Amino acid sequence: MSHALEGVRILDFTHVQSGPTCTQLLAWLGADVIKVERPGEGDPTRGQLRDIPDVDSLYFTMLNHNKRSITVDAKKPRGKELLERLIRHCDVLVENFAPGALDRMGLTWERIQSLNPRMIVASVKGFGPGPYQDCKVYENVAQCAGGSASTTGFDDGPPLVTGAQIGDSGTGLHLALGIVAALYQRQSSGRGQKVLAAMQDGVLNLCRVKLRDQQRLARTGVMEEYPQYPDGKFGDAVPRAGNASGGGQPGAILKCKGWETDPNAYIYFITQAAVWEPICRIIGKPEWIAHPDYATLPARLPRLKQIFDTIEQWTQTKTKFEAMEILNQYDIPCGPILEGAGRGTVAARHRHRGGSRSPHARQVPVGGQSDQAVRQPERSDPLAVARRAHRSDPGRARLLRGSNRRDARRSRDLDERCPTPPPCSMPAGCRPALHPRPRTVRGTLESNRVCPHGCFRCRRSSAPRTSSPASRGSRNCTI
Ligand code: CAO
């Protein structure tokens with residue numbers, strides 16, 4: 001099956017994380033991404049935080065695989081000429097320079113439109129129009145300015161930033177969606193357009209439940225599911241709610257067996273109203289099922305601390321996985337605290353090489369493959385055109401095809417290879433179409449993972465199987 005964005009050409013002027021995330025997503029969807037880097041320096045992340053000497057950092061390769069690279073000095077006449085040639089041939093220009101940098105290169109919206117009226121010009125900036133529009137921004141600045149830090153952490157501590165890259169990668173996701181919409185609209189309008197994703201706005205959008213709470217607070221002066229209720233005080237702004245659930249179903253992070261020595265021996269436990277009865281039975285409080293102080297959600301809200309303390313006495317007698325196993329039997333929503341590195345969500349993939357299994361988070365499959373890093377340019381390929389134009393002057397436009405091959409090699413080393421025999425001969429993975437879609441088997445701790453290149457790593461699962469028509473006659477691929 002062809003890729004959704006096959007035939008779309010992206011001129012990728014991005015660096016660091018926010019913009020590269022966007023163009024990486026487009027590449028996964030099949031777009032041809034040509035990354036333009038500054039001669040002699042390249043994307044700063046190539047050299048940052050390296051773990052292998054003289055090899056592009058993982059930070060760079062994890063955000064830029066599946067792209068092609070070229071170095072061009074955009075401020076020299078020959079470089080400008082080359083870029084204008086690429087602009088004529090491409091569909092989308094994506095950039096995340098500091099405000100004004102693209103204009104200073106001479107690539108104003110007007111100039112780009114005169115070269116290619118169908119060109120979509122997509123930008124990440126720190127702030128949208130307003131007093132801060134000229135400011136440079138990195139991840140944590142966006143988290144602070146976007147309302148995340150003020151609502152993260154505990155009431156008696158300072159604002160906190162989260163480990164999730166909601167400012168960078170979150171904004172890249174927003175921009176990618178804007179680009180896809182602009183490409184769709186271009187089919188009827190025949191024209192390109194500007195697309196802007198501001199990091200502050202992206203974070204704000206991801207903090208939408210806190211915006212909801214701000215309005216509720218302004219109207220009612222109190223939020224009963226927050227830990228400040230009923231004994232603490234509410235001010236004008238949404239307070240930091242620790243690990244409270246943030247939704248209509250109260251939740252908390254509770255200690256499990258081993259918490260004294262294992263910093264992640266915890267479980268997230270949600271006291272969903274629909275399963276209140278089994279919760280009471282499991283924790284040894286059957287009398288709470290019908291007791292007027294506990295039987296309904298409104299009655300429980302002023303007693304949440306006492307309720308979660310009691311549940312925690314039970315969770316401390318179980319490991320987080322034992323607790324999961326028991327709670328899942330009764331459809332009680334819960335989740336173990338898994339490390340992003342080490343034994344958790346990311347490294348579990350590497351451990352699976354050895355065949356051991358542990359619970360880990362599900363990933364959303366992305367329908368693209370990483371064949372582009374090894375694809376040979378065609379005659380009409382803009383990069384090939386540019387290369388031909390510069391054959392007489394190789395010093396000015398050094399193509400980094402070699403470095404992309406290194407990236408591809410490195411990516412292959414870092415991802416498990418699909419063990420399926422040919423025709424699965426793709427260097428970075430197999431064709432997902434050859435394998436059934438990953439499924440989570442309800443009631444077990446099994447989940448499924450997909451490699452970030454779109455390659456399914458398949459292992460036969462010992463978990464119970466369903467016999468849905470979709471799964472019959474095919475291997476149960478669980479990784
Ligand atoms: N040829 C010639 N010049 C080039 C070039 C090329 N191929 N690529 C970059 N440059 C130049 C730019 O034109 C700019 O020069 P001037 O300022 O003199 O016009 C210069 O390199 C630096 O670019 P920059 O200002 O974008 O980079 P920086 O390191 O100073 O700032 C960042 C980095 C991320 C703070 C800034 O780009 C920014 O705020 N971007 C928007 C928000 C964003 O995406 N932030 C997320 C980053 S990930 O955490």
Side-chain angles (χ1 to χ4, degrees), residues 11-25 34-49 57 59-60 62-64 67-87 93-108 111-112 121-130 132-146 148 161-176 178-179 194-204 383 386 390 395-400:
L11 188 53
D12 180 5
F13 251 130
T14 67
H15 61 304
V16 200
Q17 186 182 154
S18 60
T21 297
C22 167
T23 51
Q24 179 186 47
L25 286 164
I34 301 167
K35 184 174 171 95
V36 178
E37 295 179 70
R38 202 173 184 179
E41 300 175 29
D43 186 324
T45 60
R46 279 189 188 267
Q48 283 172 1
L49 313 173
S57 72
Y59 189 24
F60 176 82
M62 74 190 294
L63 290 161
N64 292 286
K67 303 175 186 176
R68 297 188 283 162
S69 291
I70 181 173
T71 58
V72 181
D73 190 330
K75 289 178 179 161
K76 297 219 167 117
R78 196 87 169 108
K80 269 192 186 136
E81 189 192 313
L82 172 72
L83 285 172
E84 297 198 344
R85 200 183 280 252
L86 285 168
I87 286 170
L93 186 156
V94 190
E95 62 93 19
N96 70 314
F97 290 124
L102 198 63
D103 289 355
R104 289 194 288 278
M105 288 176 183
L107 295 175
T108 59
R111 178 67 187 148
I112 292 169
V121 180
S123 305
V124 171
K125 294 289 166 258
F127 295 93
Y132 298 137
Q133 65 187 17
D134 293 329
C135 299
K136 288 184 178 178
V137 167
Y138 282 103
E139 170 70 48
N140 288 349
V141 176
Q143 289 194 25
C144 293
S148 173
V161 294
T162 124
Q165 308 296 289
I166 57 176
D168 280 337
S169 287
T171 308
L173 275 160
H174 281 90
L175 188 69
I179 290 169
K194 277 192 201 178
V195 180
L196 170 68
M199 293 172 73
Q200 181 188 34
D201 298 351
V203 171
L204 197 61
L383 199 50
H390 281 258
R396 298 191 189 217
R398 191 165 56 86
L399 303 179
L400 294 182

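One-based numbering, in listed order, for ligands and for the atoms of each. Quick note: numbers below take in every heavy atom, side chains included, and nothing from hydrogens, waters or symmetry partners. Just so it is clear, the structure is predicted and the values come from calculations on it, not from any experiment.
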**Request:** Taking the side chain as every heavy atom from C-beta outward, state whether T45 and L63 have any pair of such atoms under 4.5 Å apart.
**Result:** no

**Asked** S69 and E37: side-chain donor and acceptor closer than 3.5 Å?
**Response** yes

**Asked** Which heavy atom in L25 sits nearest to a heavy atom in G172, and how many Å separate them?
**Response** CD1-O, 4.4 Å

**Shortest protein contact, atom 16 (P) of ligand 1 (heavy atom only)** = K75 NZ, 3.4 Å

**Prompt:** Is there side-chain contact between V72 and P39, with at least one heavy-atom pair below 4.5 Å?
**Reply:** no

**Prompt:** Are V36 and L11 close enough that some pair of their side-chain heavy atoms sits under 4.5 Å apart?
**Reply:** yes

**Request:** Within a distance under 4.0 Å of any heavy atom of G126, pick out the atoms of ligand 1 and give their elements.
**Result:** 42 (C)

**Prompt:** Can you list the residues that meet the salt bridge (charged side-chain N to carboxylate O under 4.0 Å, His left out) rule with R104, with sequence neighbours excluded?
**Reply:** none

**Asked** Where the closest heavy atom to atom 46 (C) of ligand 1 is concerned, which of D168, V16, L83, T14 has it?
**Response** D168

**Asked** Is any NZ, NE, NH1 or NH2 atom of the basic residue among E84 and R111 found under 4.0 Å from an Asp or Glu carboxylate oxygen of the other?
**Response** yes

**Message:** Within the 4.0 Å heavy-atom shell around D73, which atoms of ligand 1 are there?
**Reply:** 1 (N), 2 (C)

**Prompt:** Which ligand 1 atoms does Q17 reach within 4.0 Å, using its non-hydrogen atoms?
**Reply:** 48 (S)

**Asked** If you measure from each non-hydrogen atom of T71 to ligand 1, which part falls under 4.0 Å: side chain, backbone, both or neither?
**Response** neither

**Request:** Flag H15 as yes when one of its N or O atoms lies below 3.5 Å from any N or O atom of ligand 1, and as no otherwise.
**Result:** yes

**Contact atoms of ligand 1, heavy-atom distance to S18 under 4.0 Å** = 43 (C), 44 (O), 46 (C), 48 (S)

**Prompt:** Considering only heavy atoms of M199, which atoms of ligand 1 have at least one such atom less than 4.0 Å away?
**Reply:** 42 (C), 43 (C), 45 (N), 46 (C)

**Message:** Is the contact between E139 and ligand 1 made by the side chain, the backbone, both, or neither, using heavy atoms and a 4.0 Å cut-off?
**Reply:** backbone

**Fill in**
Tightest non-hydrogen contact, residues G167 and A142, listed as CA-CB, 4.1 Å

**Asked** Only one of K67, K35, R38 clears salt bridge (Lys or Arg N to Asp or Glu O under 4.0 Å) with D43; which?
**Response** K35

**Shortest protein heavy-atom distance from atom 20 (C) of ligand 1, along with the residue and atom involved** = R38 NH1, 3.7 Å

**Asked** For atom 40 (N) of ligand 1, which candidate among D134, D103, N96 holds the nearest heavy atom?
**Response** N96

**Message:** Quick one about N96 and T14 (side-chain donor to acceptor, distance below 3.5 Å, no hydrogens or angles considered), yes or no?
**Reply:** no

**Complete:** salt bridge (charged side-chain N to carboxylate O under 4.0 Å, His left out) filter on E95, not counting sequence neighbours, yields K125

**Message:** So, regarding K136 and ligand 1 (criterion: nitrogen or oxygen to nitrogen or oxygen, under 3.5 Å), is there a contact or not?
**Reply:** yes

**Message:** Among all protein heavy atoms in this structure, tell me which lies nearest to atom 1 (N) of ligand 1, with the distance rounded to 0.1 Å.
**Reply:** A74 N, 2.9 Å

**Request:** Check whether the side chains of Q17 and Y59 place a donor and an acceptor atom closer than 3.5 Å, and report yes or no.
**Result:** yes

**Prompt:** What atoms of ligand 1 come within less than 4.0 Å of a heavy atom belonging to V124?
**Reply:** 41 (C), 44 (O)

**Item:** Residue and atom name of the nearest protein heavy atom (relative to atom 45 (N) of ligand 1), distance in Å to one decimal
**Value:** V137 O, 2.7 Å

**Message:** Any nitrogen or oxygen of P39, side chain or backbone, less than 3.5 Å from one on ligand 1?
**Reply:** no

**Fill in**
of all protein heavy atoms, closest to atom 7 (N) of ligand 1 is V72 O, 2.9 Å

**Request:** Evaluate the side-chain proximity of I87 to L107: yes if any heavy-atom separation is below 4.5 Å, no if none is.
**Result:** yes

**Message:** Suppose we measure from atom 25 (O) of ligand 1 to each protein heavy atom; which comes out shortest, and what is that distance?
**Reply:** A98 CB, 3.1 Å

**Message:** What protein heavy atom lies closest to atom 19 (O) of ligand 1? Include the residue and the distance to one decimal.
**Reply:** R104 NE, 2.7 Å

**Item:** Residue, atom name and distance, where the atom is the protein heavy atom closest to atom 8 (N) of ligand 1
**Value:** F97 CE2, 3.7 Å

